[in-house]
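For the numbers below, each heavy atom of this structure counts, side chains included, while hydrogens, waters and symmetry mates do not. So you know, we letter chains A, B, ... as the sequences are listed, proteins then strands, and number each from 1. All values reported here derive from a predicted model rather than from experimental measurement.
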Number of protein chains: 2
Amino acid sequence: MVKRKKFATIKDVADASGFSINTVSRALSGRGYVKKETKEKILRVAAELGYTRDCTASALRTRKTHLIGVVVVDNTNPFYAEVIKGIELEARNYGYTILLVNTDRNYENEEKAINTLLQRRVDGLIITAVQTRIDDILRLVHQGIPNVVIGARFENIPTNYVCSDDERGGYIAMKYLLDTGHKNVLFLNAQKYKYAARVREQGMRKALNEYELTLENKVEFGVIYSNEGFENAYETFQMFLQKTKKDFKYDAIICYNDIFAYAVIKLLKEHGLKIPEELSVVGFDDISFSSIIEPPLTTVATDKIRLGREAFKSLIKNIETGSISQIILPVELIIRNSTKNRSNGNP
Amino acid sequence: MVKRKKFATIKDVADASGFSINTVSRALSGRGYVKKETKEKILRVAAELGYTRDCTASALRTRKTHLIGVVVVDNTNPFYAEVIKGIELEARNYGYTILLVNTDRNYENEEKAINTLLQRRVDGLIITAVQTRIDDILRLVHQGIPNVVIGARFENIPTNYVCSDDERGGYIAMKYLLDTGHKNVLFLNAQKYKYAARVREQGMRKALNEYELTLENKVEFGVIYSNEGFENAYETFQMFLQKTKKDFKYDAIICYNDIFAYAVIKLLKEHGLKIPEELSVVGFDDISFSSIIEPPLTTVATDKIRLGREAFKSLIKNIETGSISQIILPVELIIRNSTKNRSNGNP
DNA sequence: TTGAAAGCGCTAACAT
DNA sequence: ATGTTAGCGCTTTCAA
């Protein structure tokens, strides 16, 4: 086995170049005055020795690690994967590196994750919270540790968040279904402790209210709640189908996210129901598979990469200036083939 | 804005508890002798002060960061996402945290990533290499820096790797198609600089050779090469279809991975070709969407989470004992509905 | 069982 | 323009 060589230090560079440790430090970091030739020589010697600065040492001294913690429910979920990508991309631009920890949708893991990241003295944290409890995040805010929450809003707390305009998302999804003549809409929602779950439903009800005010038309709206993940959604919807059986009357199903929609589509196919002929399906998020699934999914899209980038920029701003930013990104309805117009002639 | 409080140090705990810095250190780290009551008191005081150990400081002293660098082509790719998950899971078990960097399939980025991670003094690196060049990895090996490569083998170099049994993967995919009566097989491969691309093709040729030795049956085998990603595969295959047009005679297409297979399926559908009635499609990897796509995809599966876990364990072993491990994980053919038996009566 | 002191590699304040 | 020195928070001899 090749023995791991010790890294050269600035002291080694100092000795080899004949300058003092301090001069070397200034030459390498670019801070402070160094004569041009001196700097050149030092850089040359450093390169010869294969010098690589030791971040652990400078972090100790400067109290800045240029590390940020990213706490995520599950990096495998395409939504979070893209968010992570956005964060990582922007972080790299700014000379930061990300520490990634999964919580597997478990609040205790989230707490532990935050603690280890704090021990590692990350300069800040970006968190997609489990949301069953939020004490850990409140603690961060309380302690003045820079952090940004993605995908949830805490209205009364002065903290950074970045999320999509979920209310509008719910609104435009429902409005579209109403405009295209749907009369019985089911919302397969996530559990209500999730911010987005509550707010998307609100948006849908808002669209319903407006609609029913305008026309004298009756529209049925049902909501059921499922835990996250394909399997859970599949099971929940399956049980719902079994229970309602012949009473099942919906002509449209909105799903909390695209994964839920895939589960719904799969089940509807298994029951021989044709999409969109008999039933429309709408998702949320527009993850990449939604355009290639059968049928291509109509869905409320957000720019997930941007969500990540904005989160990082918001964090950096908070770290550097202490300012708080609360960002809501726009959503957009992508109409594909899982929905169809059922209005008979009317616009 | 809440001002960020300075973290309490062991010195603070020492002052507050009346013991020396050293005793506190031993009490908190659990190394060395401390009287039971002393320890209890110290732990209590530490808790009161909200003490959290500073990893940057202990890393500097002990030369161990308990950080490992994970360099990945694209964390958004479902295959790598699962691998990352496996790494992170195992790392967390062992008290390590992962630094994640994407290379976006760019060798220069890979080099940069490795450099920043070395500056951060990670204890080791896990790399899914771009593979257009491998100088950076050779350098790591040369310098004796613990590292594990995922998904590629360097036969002549004493270094750790973990990969799937790609040759066997190619072999069983092809064998299955031959056994089920396919006579014209096309392999939509990735570029040949990729280890898996070369070896999977080898496995297929091996199956072909065996087959043609046994029976006197002629089988056509064509290979085309595409860059990675859905769009690239789509384009490559589209151009191939245009070029061959009416000469297109294949009754089976094996794809380098499931993403390629999705592109192929999409195109075949657009051309009105029925899968599996007219044409079988086989993928590689078995990413999670492959079971819910239409038709559900026959594919060569590996345990991606395990790939990640093994990679981490291999790394840790290398860090702790210096031993080299080269691991090849088994593959398995998952038969779904994108393929069908075309043999007329024969077994 | 506990404490004193040195030092990991770097930066920053001050001196020259 | 360069050097001296102290110290970030921790661990690790070594001594008491």
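- Screening L67(B), L315(B), D123(B) for a side chain to side chain contact (heavy atoms under 4.5 Å, CB included) involving Y96(B) leaves a single residue, D123(B).
- If you walk DNA chain C from 5' to 3' and mark each nucleotide with an atom closer than 4.0 Å to a heavy atom of chain B, the marks span dT1(C) to dG9(C).
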Q) Along nucleotides 8-16 of chain D, 5' to 3', which nucleotides get a B, which get an S, and which get a -, given that the test is a protein heavy-atom distance under 4.0 Å? A) BBBBBB---

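- For the pair R63(A) and D54(B), the salt-bridge criterion is met [side-chain N within less than 4.0 Å of a carboxylate O].
- The pair K11(A)-D15(A) meets the salt-bridge criterion, since a charged nitrogen lies less than 4.0 angstrom from a carboxylate oxygen.
- Between V148(B) and A311(B), the closest heavy-atom pair is CG2-O, 3.7 Å.
- Using a cutoff of 4.0 Å between basic side-chain nitrogens and carboxylate oxygens, R44(A) and E40(A) are not scored as salt-bridged.
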Distance-only donor-acceptor hits, side chain of residues 19-38 of chain B, under 3.5 Å, sequence neighbours excluded:
unit_1	atom_1	unit_2	atom_2	d
S20(B)	OG	N22(B)	N	3.4
S20(B)	OG	T23(B)	N	3.2
S20(B)	OG	T23(B)	OG1	3.0
N22(B)	OD1	R26(B)	NE	2.7
N22(B)	OD1	R26(B)	NH2	3.3
T23(B)	OG1	R26(B)	NH2	3.4
R26(B)	NH1	Y33(B)	O	2.5
S29(B)	OG	S25(B)	O	2.9
S29(B)	OG	R31(B)	N	3.3

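- Remark: D104(B) engages R92(A) in a salt bridge, criterion side-chain N to carboxylate O under 4.0 Å.
- The shortest side-chain heavy-atom distance between T128(A) and F79(A) does not fall under the 4.5 Å cut-off.
- Phosphate contact (OP1/OP2 of dT2(D), side-chain N/O of S20(A), threshold under 4.0 Å): absent.
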